[in-house]
*Asks:* 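Structure incoming, see below.
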Amino acid sequence: MNCCVLCKSQLSEHEKPEHILLDAFGGRKTTRDVLCSVCNNKMGAGPDKDLAESVAPLRTIANLKSGSRKKAPSLHEKPASGDSYDLGH
Ligand SMILES: [Zn+2]
């Protein structure tokens, strides 16, 4: 049985699936063999979220759907960070 690469707890088949490539990058494949659900949630609310938000303007320009088939952020959608960007100029 594998252990979580971050906290070293033993993993089970009940772990929340972790995207191998971020959903925001179009990733669809998941694994339960790397992170426990607790660490997966922490990563999802922290660095994964920050990384996904940082590429949101590029997703908009490329009209790139997420792995879960959500449409690209709109030009008028404000990022969760509170920052704003204007892609019209
Ligand atoms: Zn863990």
Side-chain angles (χ1 to χ4, degrees):
M1 184 62 73
N2 292 342
C3 294
C4 174
V5 297
L6 295 178
C7 73
K8 307 301 181 200
S9 67
Q10 193 156 4
L11 299 175
S12 74
E13 69 273 7
H14 304 295
E15 305 300 342
K16 183 179 171 187
E18 160 80 0
H19 279 89
I20 296 170
L21 180 65
L22 285 182
D23 181 61
F25 292 171
R28 300 179 79 182
K29 193 146 180 82
T30 61
T31 181
R32 297 173 196 265
D33 295 334
V34 178
L35 292 179
C36 70
S37 295
V38 172
C39 290
N40 190 2
N41 285 339
K42 287 180 183 174
M43 294 298 287
D48 288 354
K49 181 176 177 240
D50 292 344
L51 184 57
E53 287 178 5
S54 73
V55 299
L58 299 176
R59 285 188 57 209
T60 300
I61 292 169
N63 195 24
L64 177 66
K65 289 183 179 176
S66 71
S68 56
R69 313 318 290 160
K70 291 179 190 156
K71 66 181 184 177
S74 104
L75 284 174
H76 305 293
E77 189 172 315
K78 199 164 195 159
S81 66
D83 294 338
S84 63
Y85 38 77
D86 183 358
L87 302 177
H89 297 99

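Atoms within a ligand are numbered from 1 in the order they appear, just like the ligands themselves. Here the structure is a predicted model, which is why all the values come from computation and not from measurement.
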*Asks:* Let's test this: below 2.8 Å, count the protein N/O/S atoms around the Zn ion (ligand 1).
*Replies:*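 Every protein N, O or S atom under 2.8 Å from the Zn ion (ligand 1) counted, the figure is 4.
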*Asks:* Could I get the full list of side chain to side chain donor-acceptor pair (under 3.5 Å) partners for S68, not counting sequence neighbours?
*Replies:*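 Expected list: D23, S66.
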*Asks:* Heavy atoms only: give me the nearest C4-L11 pair and the separation to one decimal.
*Replies:*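 Closest approach of C4 to L11, heavy atoms only: N-CG, 3.7 Å.
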*Asks:* Which atom names give the shortest non-hydrogen contact between A24 and R59, and what distance separates them?
*Replies:*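 For A24 versus R59, the nearest heavy atoms are O-CD, 3.1 Å.
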*Asks:* Residues two or more places apart in sequence or in another chain: which of them pass side-chain contact (heavy atoms from CB on, under 4.5 Å) with K16?
*Replies:*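 K16 satisfies side-chain contact (heavy atoms from CB on, under 4.5 Å) with S37, N40, N41 only.
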*Asks:* In residues 26-34, what donor-acceptor pairs under 3.5 Å come from side-chain atoms, sequence neighbours left out?
*Replies:*
| from | atom 1 | to | atom 2 | distance (Å) |
| --- | --- | --- | --- | --- |
| R28 | NE | G67 | O | 3.3 |
| T31 | OG1 | D33 | N | 3.0 |
| R32 | NH1 | E15 | O | 2.5 |

*Asks:* Look up atom CD in E18 and atom SG in C36, then write down how far apart they are to the nearest 0.5 Å.
*Replies:*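 If I round to the nearest 0.5 Å, the distance is 10.0 Å.
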